[in-house]
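I have placed the structure first, in the form of structure tokens, so that the comments after it can refer back to it.
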Amino acid sequence: QVQLVESGGGLAQAGGSLRLSCAASGRPFSEYNMGWFRQAPGKDREFVAAVSRSGTSTYYADSVKGRFTISRDNIKNTAYLQMNSLKPEDTAVYYCAARSSLWLPLSGDEYRYWGQGTRVTVSS
């Protein structure tokens with residue numbers, strides 16, 4: 001199995017940037033597709049972005065496309081979410097997740113391992 005620890009959350013102003021990190025330990029990181037999800041207060045968890053095991057395939061929710069970039073470093077065993085042009089509606093707890101699969105999962109139900117989350121607050 002794999003253990004995931006997110007970091008990098010905090011307070012940002014609208015239009016600003018933050019970079020989230022997800023450090024993995026346990027089984028070889030390159031075996032896992034990685035996803036980022038978020039949950040705003042009073043709302044359901046939603047998909048944000050995903051990256052394939054090799055890093056060559058990525059997928060984004062329409063709400064973040066063009067503003068967020070997901071990436072990974074299989075040497076450092078870390079996945080990243082670069083968030084630019086932040087909006088107040090991006091305020092949420094952000095979670096990274098991992099799944100060893102041949103396909104790139106886009107649904108939270110498909111991911112097996114989760115981090116504890118990191119809070120992002122965007123002020124207007």
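What's counted below: heavy atoms across the whole structure, side chains too, no hydrogens, waters or symmetry copies. When a residue number appears, it is its place in the shown sequence, counting from 1.
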Pairs where residues 7-27 contributes a residue and the test salt bridge (Lys or Arg N to Asp or Glu O under 4.0 Å) is met, not counting sequence neighbours
R27-E31
Sort and list the pairs that fulfil salt bridge (Lys or Arg N to Asp or Glu O under 4.0 Å) and have at least one residue in residues 110-124, not counting sequence neighbours.
none
So do the side chains of [X] and [Y] get within less than 4.5 Å of each other, counting heavy atoms only?
{"X": "Y113", "Y": "Q1", "result": "yes"}
{"X": "V122", "Y": "Q13", "result": "no"}
{"X": "R72", "Y": "F29", "result": "yes"}
{"X": "Q82", "Y": "N84", "result": "yes"}

Do the rings of [X] and [Y] sit parallel, tilted or perpendicular, given the 30° and 60° boundaries?
{"X": "F47", "Y": "Y59", "result": "tilted"}
{"X": "Y94", "Y": "F68", "result": "tilted"}
{"X": "F37", "Y": "W114", "result": "tilted"}

Rounded to the nearest 0.5 Å, what's the gap from [atom1] on [X] to [atom2] on [Y]? Could you check?
{"X": "L102", "Y": "S52", "atom1": "CG", "atom2": "OG", "value": "12.0 Å"}
{"X": "L86", "Y": "S17", "atom1": "CG", "atom2": "OG", "value": "6.0 Å"}
{"X": "Y32", "Y": "S100", "atom1": "OH", "atom2": "OG", "value": "5.5 Å"}
{"X": "S25", "Y": "L4", "atom1": "OG", "atom2": "CG", "value": "7.5 Å"}
{"X": "E6", "Y": "L81", "atom1": "CD", "atom2": "CG", "value": "11.0 Å"}
{"X": "K65", "Y": "T58", "atom1": "NZ", "atom2": "OG1", "value": "9.5 Å"}

Looking only at heavy atoms, what is the nearest atom pair of P105 and A50, with distance?
O-CB, 3.7 Å
Looking only at non-hydrogen atoms, find the nearest pair between R38 and A92 and report the distance.
CB-CB, 3.8 Å
Quick check: is [Y] connected to [X] through a chain of hydrophobic side chains (ILVMFWY, heavy atoms under 4.5 Å apart)?
{"X": "V64", "Y": "I70", "value": "yes"}
{"X": "V93", "Y": "Y80", "value": "no"}
{"X": "V51", "Y": "Y111", "value": "no"}
{"X": "W36", "Y": "L18", "value": "yes"}

Kindly indicate, with the supporting measurements, whether the criterion side-chain contact (heavy atoms from CB on, under 4.5 Å) is fulfilled by E46 and Q39.
CA-CA 6 Å; E46 65 173 352; Q39 187 166 19; over 6 Å; no
Looking at K43, I want to see if its NZ is surrounded by more than 12 non-hydrogen atoms of other residues, nucleotides or ligands under 6.0 Å.
no
Side chains of T78 and D73: any donor to acceptor distance under 3.5 Å?
no
Between K87 and D90, does any side-chain N to carboxylate O distance fall below 4.0 Å?
no
N74 side chain vs S54 backbone, donor-acceptor pair below 3.5 Å
no
Given the rule in the side-chain contact (heavy atoms from CB on, under 4.5 Å) test, do T118 and L20 qualify, once you have shown the distances and angles that lead to the verdict?
CA-CA 8 Å; T118 185; L20 306 184; 4.0 Å; yes
Could you check R67 against Y60 for side-chain contact (heavy atoms from CB on, under 4.5 Å), going step by step and ending with a plain yes or no?
CA-CA 10 Å; R67 300 188 299 121; Y60 297 91; over 6 Å; no
Begin with the C-alpha distance, continue with both residues' side-chain angles, and end with the deciding distance and a verdict on side-chain contact (heavy atoms from CB on, under 4.5 Å) for E89 and T91.
CA-CA 5 Å; E89 51 263 44; T91 295; over 6 Å; no
